[in-house]
Amino acid sequence: MQSQKGNLIIVSGFSGAGKGTLMKRLIDKYTNSYALSVSATSRKPRPGEEDGREYFFKTKEEFETMISNGELLEHANYVGNYYGTPKEYVFKKMEEGYDVILEIEIQGAMQVKKMYEDALLMFVSTPDAKTLKTRLTGRGTETEDVINSRLKRACEEAEGIEKYDYLIINDDLETAVDTIHAISQNERFRIRNNLKFINNMREELKEFKEEK
Ligand code: ADP
Ligand code: 5GP
């Protein structure tokens with residue numbers, strides 16, 4: 001439990017840019033600062049992925065029920081599958097003082113930004129397009145068709161980067177992780193994120209005014 005309410009941090013980026021790898025390292029390195037939201041999806045698990053760890057894996061019908069029950073903060077369709085953020089965990093962890101990370105694509109990011117204007121938006125890219133293709137292919141988890149769809153989608157997503165607050169270039173992993181951490185930490189010093197402290201200080205100072 002921490003004294004200040006946590007930030008809502010949105011991390012988006014091209015498929016294969018290294019978002020998952022970055023998030024894993026960030027949480028391992030700075031365990032007490034972050035809570036990573038686990039999304040629901042209708043896509044099939046990749047080898048090694050576990051239900052409730054990488055995603056809550058749902059059928060299309062189950063996902064649609066979550067939408068109609070109002071369980072999701074945002075949701076979107078990405079290359080043929082549903083993805084969405086369960087609401088409850090996000091607000092609970094922010095109240096507990098954690099910076100909550102949503103690793104989500106751009107349509108969902110824009111939905112959250114509309115609802116929650118203090119959200120901090122970061123966009124992750126590889127240093128160049130060739131590296132993106134190499135990483136996506138090298139991961140070896142998608143068919144050639146899916147890789148091509150994701151690269152086409154990257155081309156569209158690149159048009160939306162200006163809607164984000166920060167660009168994270170994932171070249172050296174540790175440097176990128178520390179950049180994300182530095183930005184998140186800076187956010188904690190914003191005046192608007194310290195209103196509780198400020199009001200408390202004001203109250204305490206009033207006592208000096210009242211003293212003779
Ligand atoms: P995303 O979650 O953005 O789709 P992943 O985290 O799955 O991307 O990373 C895609 C591939 O790139 C993986 O094989 C991963 O090991 C590799 N990768 C991630 N970050 C780096 C990095 N900084 N340098 C080299 N390879 C990386
Ligand atoms: P992947 O299938 O590679 O795990 O994810 C595909 C895309 O879906 C990525 O861009 C990822 O950021 C995005 N994504 C993952 N979870 C969510 C979510 O809850 N909501 C939205 N809108 N996008 C998500």
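When reading the values below, keep in mind they use all heavy atoms of this one structure, side chains included, and skip hydrogens, waters and symmetry mates. Ligands are counted one by one from 1 in listed order, and the atoms in each one are counted from 1 as well.
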Practice task
Measure the distances from the heavy atoms of Tyr55 to every atom of ligand 2 and state whether one is below 4.0 angstrom.
Solution key: yes
Completion exercise
Value for CD1 (Ile67) from CZ (Phe63), rounded to nearest 0.5 Å, stands at 5.0 Å
Practice task
Mind checking the CD-NE2 spacing from Gln111 to His75? Nearest 0.5 Å is all I need.
Solution key: 6.0 Å
Handout entry: Nearest-contact summary for atom 11 (C) of ligand 1 - protein heavy atom, Å
Key = Arg135 O, 3.7 Å
Problem - Within-4.5 Å side-chain heavy-atom neighbours: Ser15 and Leu136 - result: yes
Exercise for the section: Answer yes or no: does an N/O atom from Lys19 fall short of 3.5 Å to an N/O atom of ligand 1? Expected result: yes
Handout entry: Glu210/Lys206 ion pair, N-O < 4.0 Å
Key = no
Completion exercise
of all protein heavy atoms, closest to atom 19 (O) of ligand 2 is Ser39 OG, 2.7 Å
Handout entry: Residue and atom name of the nearest protein heavy atom (relative to atom 10 (C) of ligand 1), distance in Å to one decimal
Key = Gly16 O, 3.6 Å
Problem - Residue portion contacting ligand 2 (non-hydrogen atoms closer than 4.0 Å) for Arg46 - result: side chain
Exercise for the section: Could you check Tyr34 against Lys93 for side chain to side chain contact (heavy atoms under 4.5 Å, CB included), going step by step and ending with a plain yes or no? Expected result: CA-CA 9 Å; Tyr34 300 98; Lys93 287 292 172 186; over 6 Å; no
Practice task
Indicate whether the side chain of Tyr30 and that of Asp99 have a donor and an acceptor atom separated by less than 3.5 Å.
Solution key: no
Exercise for the section: Check Arg150 against ligand 2 and report side chain, backbone, both or neither, counting heavy atoms closer than 4.0 Å. Expected result: side chain
Exercise for the section: Run the numbers for me: atoms of ligand 1, each under 4.0 Å from some heavy atom of Phe14, listed by number. Expected result: 3 (O)
Exercise for the section: Looking only at protein heavy atoms, identify the closest one to atom 2 (O) of ligand 1 and say how far it is in Å. Expected result: Gly20 N, 2.9 Å
Handout entry: Residue, atom name and distance, where the atom is the protein heavy atom closest to atom 20 (N) of ligand 1
Key = Asn170 ND2, 3.0 Å
Handout entry: Within-shell test, Gln107 vs ligand 2, heavy atom, strictly < 4.0 Å
Key = no
Handout entry: Other residues, nucleotides, ligands: >12 heavy atoms within 6.0 Å of Lys29 NZ
Key = yes
Handout entry: Gly138 near ligand 1 by a heavy-atom separation under 4.0 Å
Key = no
Completion exercise
Ranked by distance from atom 13 (C) of ligand 2, the top protein heavy atom is Glu105 N, 3.6 Å
Exercise for the section: Using distance alone, determine whether Thr21 and ligand 1 share an N or O pair under 3.5 Å. Expected result: yes
Practice task
For atom 7 (O) of ligand 1, find the nearest protein heavy atom and state the residue, atom name and distance (0.1 Å precision).
Solution key: Arg139 NH1, 2.8 Å
Exercise for the section: Could you tell me if any non-hydrogen atom of Gly13 lies under 4.0 Å from any atom of ligand 1? Expected result: no
Problem - Contacting atoms of ligand 2, where contact means under 4.0 angstrom from a heavy atom of Gly84 - result: 18 (C), 19 (O), 20 (N)
Fill in the blank from the handout: Residues Phe14 and Ile161: closest non-hydrogen pair is CZ-CD1, 4.1 Å
Fill in the blank from the handout: So CD1 of Ile180 and NZ of Lys19: to nearest 0.5 Å the spacing works out to 11.0 Å
Handout entry: Carboxylate-amine/guanidinium contact Glu54 Arg46, below 4.0 Å
Key = no
Exercise for the section: Can you establish whether the number of heavy atoms outside Leu205 located under 6.0 Å from its atom CG is more than 12? Expected result: yes
Problem - Any N/O pair Val11/ligand 2 closer than 3.5 Å - result: no
Handout entry: Protein contact to atom 8 (O) of ligand 1 [nearest heavy atom, distance to 0.1 Å]
Key = Gly18 N, 3.1 Å
Practice task
Return the residue, atom name and 0.1 Å-rounded distance of the protein heavy atom closest to atom 20 (N) of ligand 2.
Solution key: Glu74 OE2, 2.8 Å
Practice task
Would you indicate whether the side-chain heavy atoms of Lys60 and Ser42 approach each other to under 4.5 Å?
Solution key: yes
Handout entry: Within-4.5 Å side-chain heavy-atom neighbours: Arg43 and Tyr82
Key = no
Completion exercise
Between the CD1 atom in Ile168 and the CE atom in Met122, the distance rounded to the nearest 0.5 Å is 5.5 Å
Practice task
Heavy-atom contacts with Lys19 under 4.0 Å: which atoms of ligand 2 show up? List them by number with element.
Solution key: 12 (O)
Handout entry: Sub-4.0 Å heavy-atom approach of Asp171 to ligand 1
Key = yes
Fill in the blank from the handout: Quick look: Arg43 vs ligand 2, heavy-atom contacts under 4.0 Å, and the answer is side chain
Practice task
Determine whether the side chains of Thr85 and Glu74 contain a donor N or O and an acceptor N or O closer than 3.5 Å.
Solution key: yes
Problem - Derivation of the side chain to side chain donor-acceptor pair (under 3.5 Å) call for Tyr164 and Ser12 - result: CA-CA 9 Å; Tyr164 285 74; Ser12 301; 2.7 Å; yes
Practice task
Please could you name the atoms of ligand 2 that Ala76 approaches to less than 4.0 Å, counting only its heavy atoms?
Solution key: 22 (N)
Fill in the blank from the handout: So the atoms of ligand 2 within less than 4.0 Å of a heavy atom of Gly108 turn out to be 22 (N)
Problem - Min N/O separation His75 to ligand 2 under 3.5 Å - result: no
Exercise for the section: Determine whether the side chains of Gln185 and Glu187 contain a donor N or O and an acceptor N or O closer than 3.5 Å. Expected result: no
Practice task
Would you check whether Ser12 reaches within less than 4.0 Å of ligand 2, judged by its heavy atoms?
Solution key: no
Completion exercise
Short version for Tyr83: what comes under 4.0 Å of ligand 2, heavy atoms counted, is both
Problem - For atom 11 (C) of ligand 2, closest protein heavy-atom neighbour - result: Glu103 OE2, 3.4 Å
